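Some notes on the structure that comes next.
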Amino acid sequence: MAEIVIVPDDQVAGELAAEAILRRLIDQPEPVLGLATGSTPTSTYHAMVRRAAGQDWLKNLKAFALDEYVGLPDGHPESYAEVLRREFIEPMGLVPEQVMLPPGGLDGLSTAAAQYEAAIADSGGIDVQILGIGTDGHIGFNEPGSSLGSRTRVKTLAESTRRDNARFFSSLDEVPVHCITQGLGTVLDSRHLILLAFGAHKADAIAAAVEGPVSASLPASVVQLHPHVTVLVDEPAATKFNHGDYYRFAYANKFEWQHL
Ligand code: PGA
């Protein structure tokens with residue numbers, strides 16, 4: 001069951017996402033959050049920091065990242081470990097040990113993938129997973145052609161993804177070719193998915209993800225198989241929906257008991 005909410009901009013989306021995430025986590029004895037990277041989750045992280053940084057319950061929080069580049073040196077500013085440290089871990093007042101990423105070091109990668117899956121399972125599973133979407137329809141780094149049942153593994157990045165992410169590096173050549181990412185099956189195990197899409201360049205991908213056929217060719221379409229998905233889309237990203245008017249109507253007229 002997906003709820004699709006069209007909002008004016010990413011700031012409003014960030015507030016709604018933060019509210020839904022915090023409501024879900026705050027009463028859990030052992031809350032587990034799934035983190036995303038890229039520019040999409042920034043407004044959500046800012047809103048979470050404004051609302052909850054330093055709160056006592058955060059001491060019990062565990063978080064798992066979706067993915068990491070393979071082969072970047074430790075401490076590389078664009079490794080997702082560093083991005084999350086700067087953008088989420090420190091501003092929230094967490095300690096680094098509370099947040100796990102799939103390890104992108106070259107040694108023991110296949111064991112690392114299995115261990116990451118085991119660590120997620122041992123935590124009791126992810127309560128709420130934040131997701132962005134790539135222009136090619138990836139979630140995490142599950143590029144087109146990814147098995148809908150896939151688990152954490154090493155993948156080769158699509159050229160389009162490397163080009164999209166080249167803005168974070170000084171040249172395209174510096175963007176890693178490989179990554180380690182939670183699989184689509186791993187993502188589906190999370191209890192609530194919050195999928196965010198902002199900007200006109202995401203309009204085709206997000207429309208295909210929620211309205212198109214479920215297909216390995218558009219990996220984000222796998223969210224249609226999940227029982228609890230919230231999709232937050234800004235106006236420019238909402239232009240390609242076939243049922244945009246319906247989503248607006250449904251959100252404006254939702255039942256009292258419905259919430260994100
Ligand atoms: P972006 O990337 O947030 O930087 O647009 C999203 C993604 O590739 O998943």
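Keep in mind that what you see is a predicted model, and the values were worked out from it rather than measured. Counting begins at 1 with the first residue of the sequence. When a ligand or atom number is given, it counts from 1 through the structure's own listing order. Scope of the values below: all heavy atoms of this structure, side chains included, with no hydrogens, waters or symmetry mates.
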I'd like to know whether the aromatic ring centres of Tyr69 and Phe169 sit less than 6.0 Å apart in this structure.
yes
If you look only at pairs with a residue in residues 90-130, which of them pass as a ring-ring contact (aromatic ring centres under 6.0 Å, His included), with sequence neighbours excluded?
Phe64-Tyr116
Check for me, please, whether Met100 and Ile180 land in the same ILVMFWY cluster - side-chain distances under 4.5 Å, paths through other members count.
no
Using a cut-off of under 3.5 Å, which N/O atoms of ligand 1 pair up with protein N/O atoms, and what distance separates each pair?
{"from": "ligand 1", "atom 1": "3 (O)", "to": "Ser39", "atom 2": "N", "distance (Å)": "3.1"}
{"from": "ligand 1", "atom 1": "3 (O)", "to": "Thr40", "atom 2": "N", "distance (Å)": "2.8"}
{"from": "ligand 1", "atom 1": "3 (O)", "to": "Thr40", "atom 2": "OG1", "distance (Å)": "2.5"}
{"from": "ligand 1", "atom 1": "4 (O)", "to": "Ser39", "atom 2": "N", "distance (Å)": "3.0"}
{"from": "ligand 1", "atom 1": "4 (O)", "to": "Ser39", "atom 2": "OG", "distance (Å)": "3.1"}
{"from": "ligand 1", "atom 1": "4 (O)", "to": "Arg167", "atom 2": "NH2", "distance (Å)": "2.9"}
{"from": "ligand 1", "atom 1": "5 (O)", "to": "Lys202", "atom 2": "NZ", "distance (Å)": "2.7"}
{"from": "ligand 1", "atom 1": "8 (O)", "to": "His138", "atom 2": "NE2", "distance (Å)": "2.6"}
{"from": "ligand 1", "atom 1": "9 (O)", "to": "His138", "atom 2": "NE2", "distance (Å)": "3.3"}

Going by salt bridge (Lys or Arg N to Asp or Glu O under 4.0 Å), name the residues that satisfy it together with Glu30, two or more places apart in sequence or in a different chain.
none
Quick one: list whatever passes side chain to side chain contact (heavy atoms under 4.5 Å, CB included) with Glu143, sequence neighbours left out.
Asp136, His138, Leu157, Ala158, Thr161
Is Glu235 salt-bridged to Lys202, cutoff N-O under 4.0 Å?
no
